[in-house]
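Okay, structure first, notes after.
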Amino acid sequence: MLIVGAGLAGTATAIRLLCFARRPLEIVLLERRSEYRSAGVAYHRDGNPWGHVFNIQAGRMSVFREDVLDFVRWANDEADRSDWPAPWAEFEFVEQGPAPRRIFQDYLMDRLARARREACSGVVLVEADGEAIDMELRSPGVEVTVRHLSAPQGSGLPAWESPEPAVIFADHVVLATGLELREPPFAAEVLAHASFVRNPFSAAGVSKLDGLSPEATVAIVGSTLSAYDSAGLLLRQGHTGRIYLISKTGTIFRTYPRGHEHEVVKLPCPRSLMEPYRNREEFLARVRAEWASACAAISREYPGIDPAVVAERVAKAWEPHLPEAIGQIPSSELRGLLDEFSTAMASFRVGAVEHTMAIIERAMHPADGRVHLVVGNVERITPTGAGRLAVSVTAPQGKRTLDADLVVSNFSREWDYRRASQPLWANLLRRGIAVPHERTGRGVEVDERGALLDLRGTPVTPISAIGPLREGDEMVRNGRIGAFTFNLAAIKNQSIVVAARVVEELESQEDLTPFRDQLQRYVSNMKDAALAKFQDAVNLEVRRLVANSRKERELLASRLTVSIRSMDEPPILSPGAFRHDRVTRALVHWTAVERLTDVTVTPRQLRRQLGIVNTEDLEG
């Protein structure tokens, strides 16, 4: 089992695989940049000084959707704080409060180590360095070409000792390659310039921000949350010079109110959005009318909801209906709408904690004046004298030029995988193993369980995808928008589904997938007594899937076996082909995974529904 990419998505999937697998399995977690292991670009220590905090509350950073406060408990009770500076060294973390982003790497590494210790006998994890550059389907698995492969002795993988890449075979591959960096066309002349920061989440980028003169003029391209990280870092270290936030749309993110808690509310379907698409202007008018009506309904029916998060509640409530609405929009128009409104959609769906926003908002106030929002499109950045840069901005009011001592390019990700920089993606697309997402142009085509789809739309069953690669599919299939198409919330669910699918395929002797709908109809038609037994079995399977200790999982597995054998035999779909316990076990497993990944409820509500309530949940 090979996972390509050991950042957040790859680590989360490895954790689930280690917990789910019941038979011998070797999981190889491959990472091309060692500093990104268990972190990725967003959380690695070298790119995140102590001043960078999570944009969302600490209580939403658990890698386990079913255990809301796992990260907070770890930070308070388990983390090694011996080298933490003030104020974090003595800080008490709470669900709605901030936390420094750089400690997330330690958290993920710790939870991966725990999963490895508690894995079943014969289930092993190999952490290897190297870059996957090509893949070929070789029934029943995949041959993967890896450059600079290096793995621990005894792992069975070849150590890299020559310029020649190594070829390894995997029964299944999970692609967790993370965010792709987009090269900004406006910066072609200054990519190597000393006064230009291409990636603010890098050791070099942080060093330039740290070493900047307090009086310097800084231009930050973008006004999304990562731009606030750079501005906030400067302000917290006493920057007095002017900071420009340059935004095409002028979007400013919201500050979460104190005590903010994620919540799911029910709203009627926005019916007018289900009508046939006519043109952009007419469609946007319908969106605005439905949006205004939904916001008014939230304010009227849920008076306790803070006005600052009404937009978030509406966007979440609309998720179940958006796939049908999106289905009315032609692909070319859909891509144009996403390009134009992606930042605005992100701001509707997510805000930032007060720790991040308060210092930005104060500096934007006229009484302070250090931070200025410039609305317009950056056309070109060119060098000037004395090491400075000129930023040409086209705005509705005309063109203007900003002279800056330092220009920071907000982390611009590449969502079109035809332009991805990694050779792996060029080869996967060339071979037709992966296909760009047709409807949105973002990410690649996958099926409902995360398997790649080839040029014919057929699942490439030995290869799964997780994370930003599934951005377009998350939009059209699940109605997610903004960062929620690829952030931690999406990755939590994707890691469960992909790991469950992989373990099922590697351990099962029969493929029941073609009969899935028929078997689930059988469940829905069960009589009360039989259905109650089935639900008891599902609850046991849920608890087994989320258990952290091997002993608890083995105990629950034994109870589950007894429960399944006491149930009525399901219909025989093919005489003699299926054993009763395997068919029933598959039904129970599928249902448990669906419950565990139910996004119509909050994580805390999910715990209550699944019967895994702790004292802290009752208090909440």
Side-chain angles (χ1 to χ4, degrees), residues 12-25 27 62-70 73 111-125 492-493 495-509 512 519 523 526 529-570 579-598 601 603-618:
T13 306
I15 290 171
R16 294 296 187 178
L17 284 166
L18 288 164
C19 293
F20 292 175
R22 289 169 290 186
R23 298 179 184 176
L25 175 66
I27 303 162
S62 169
V63 75
F64 305 104
R65 186 166 187 266
E66 71 279 2
D67 193 351
V68 184
L69 297 181
D70 184 65
R73 287 196 304 270
R111 290 306 183 241
L112 180 64
R114 183 182 71 179
R116 173 190 254 164
R117 289 192 306 271
E118 296 293 333
C120 289
S121 178
V123 178
V124 298
L125 174 69
K492 289 178 189 180
N493 273 3
S495 65
I496 293 170
V497 174
V498 167
R501 168 181 170 249
V502 169
V503 169
E504 177 189 31
E505 290 180 356
L506 294 179
E507 295 183 352
S508 176
Q509 296 181 13
L512 300 178
L519 289 168
V523 171
M526 281 182 174
L531 185 60
K533 284 186 177 182
F534 180 79
Q535 300 295 3
D536 288 342
V538 170
N539 290 338
L540 287 171
E541 175 68 349
V542 167
R543 290 169 58 192
R544 186 190 71 82
L545 290 174
V546 305
N548 292 320
S549 76
R550 182 198 310 184
K551 183 177 180 180
E552 184 180 0
R553 286 197 297 270
E554 290 174 347
L555 175 62
L556 289 165
S558 297
R559 292 177 58 190
L560 178 62
T561 297
V562 173
S563 177
I564 286 174
R565 288 176 179 171
S566 71
M567 294 170 60
D568 295 335
E569 185 170 346
R579 285 181 52 189
H580 157 236
D581 60 340
R582 286 185 178 143
V583 174
T584 308
R585 189 177 296 276
L587 283 167
V588 168
H589 178 72
W590 292 339
T591 307
V593 170
E594 288 173 355
R595 288 193 185 173
L596 195 53
T597 55
D598 180 6
V601 295
R604 182 165 274 113
Q605 291 170 332
L606 180 73
R607 286 178 67 81
R608 291 170 178 156
Q609 288 184 7
L610 299 179
I612 48 177
V613 182
N614 291 341
T615 303
E616 64 206 15
D617 301 302
L618 296 174

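Index from 1, following the sequence.
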Please check this pair: side chain of [X] against backbone of [Y], looking for a donor-acceptor N/O pair closer than 3.5 Å.
X      : Y      : answer
Glu507 : Arg22  : yes
Asn493 : Thr597 : yes
Arg550 : Ala115 : no
Arg553 : Cys19  : yes
Glu504 : Ala586 : no
Arg116 : Leu125 : yes

Is there a side-chain contact between [X] and [Y], using heavy atoms and a 4.5 Å cut-off?
X      : Y      : value
Leu596 : Glu66  : yes
Leu18  : Leu25  : no
Val498 : Arg16  : no
Arg73  : Asp67  : yes
Gln609 : Asp598 : yes
Leu540 : Ser563 : yes
Phe534 : Met567 : yes

Nearest non-hydrogen partners of [X] and [Y], listed with the distance:
X      : Y      : value
Leu606 : Arg65  : CD2-NH1, 3.2 Å
Val593 : Ala500 : CG2-CB, 3.7 Å
Ser62  : Lys492 : O-CE, 2.5 Å
Pro603 : Val68  : CB-CG2, 3.7 Å
Phe64  : Ile15  : CE2-CG2, 3.8 Å
Phe20  : Leu545 : CE2-O, 3.3 Å

Interatomic distance, Leu560 atom CG to His589 atom NE2 [nearest 0.5 angstrom]:
11.0 Å
Can you tell me how far apart CD1 (Ile564) and OG1 (Thr584) are? Round to the nearest 0.5 Å.
6.5 Å
Can you check side chain to side chain contact (heavy atoms under 4.5 Å, CB included) on Leu69 and Arg604, steps first, answer last?
CA-CA 9 Å; Leu69 297 181; Arg604 182 165 274 113; 4.2 Å; yes
Partners passing side chain to side chain donor-acceptor pair (under 3.5 Å) against Arg114 (at least two apart in sequence or in another chain):
Asn548
Taking side chain to side chain donor-acceptor pair (under 3.5 Å) as the test, write out the residues that go with Gln605, two or more places apart.
Thr602
Which pairs pass salt bridge (Lys or Arg N to Asp or Glu O under 4.0 Å) with one or both residues in residues 532-546, sequence neighbours excluded?
Glu541-Arg544
Given side chain to side chain contact (heavy atoms under 4.5 Å, CB included), test Leu556 with Arg559 step by step and report yes or no.
CA-CA 5 Å; Leu556 289 165; Arg559 292 177 58 190; 4.2 Å; yes
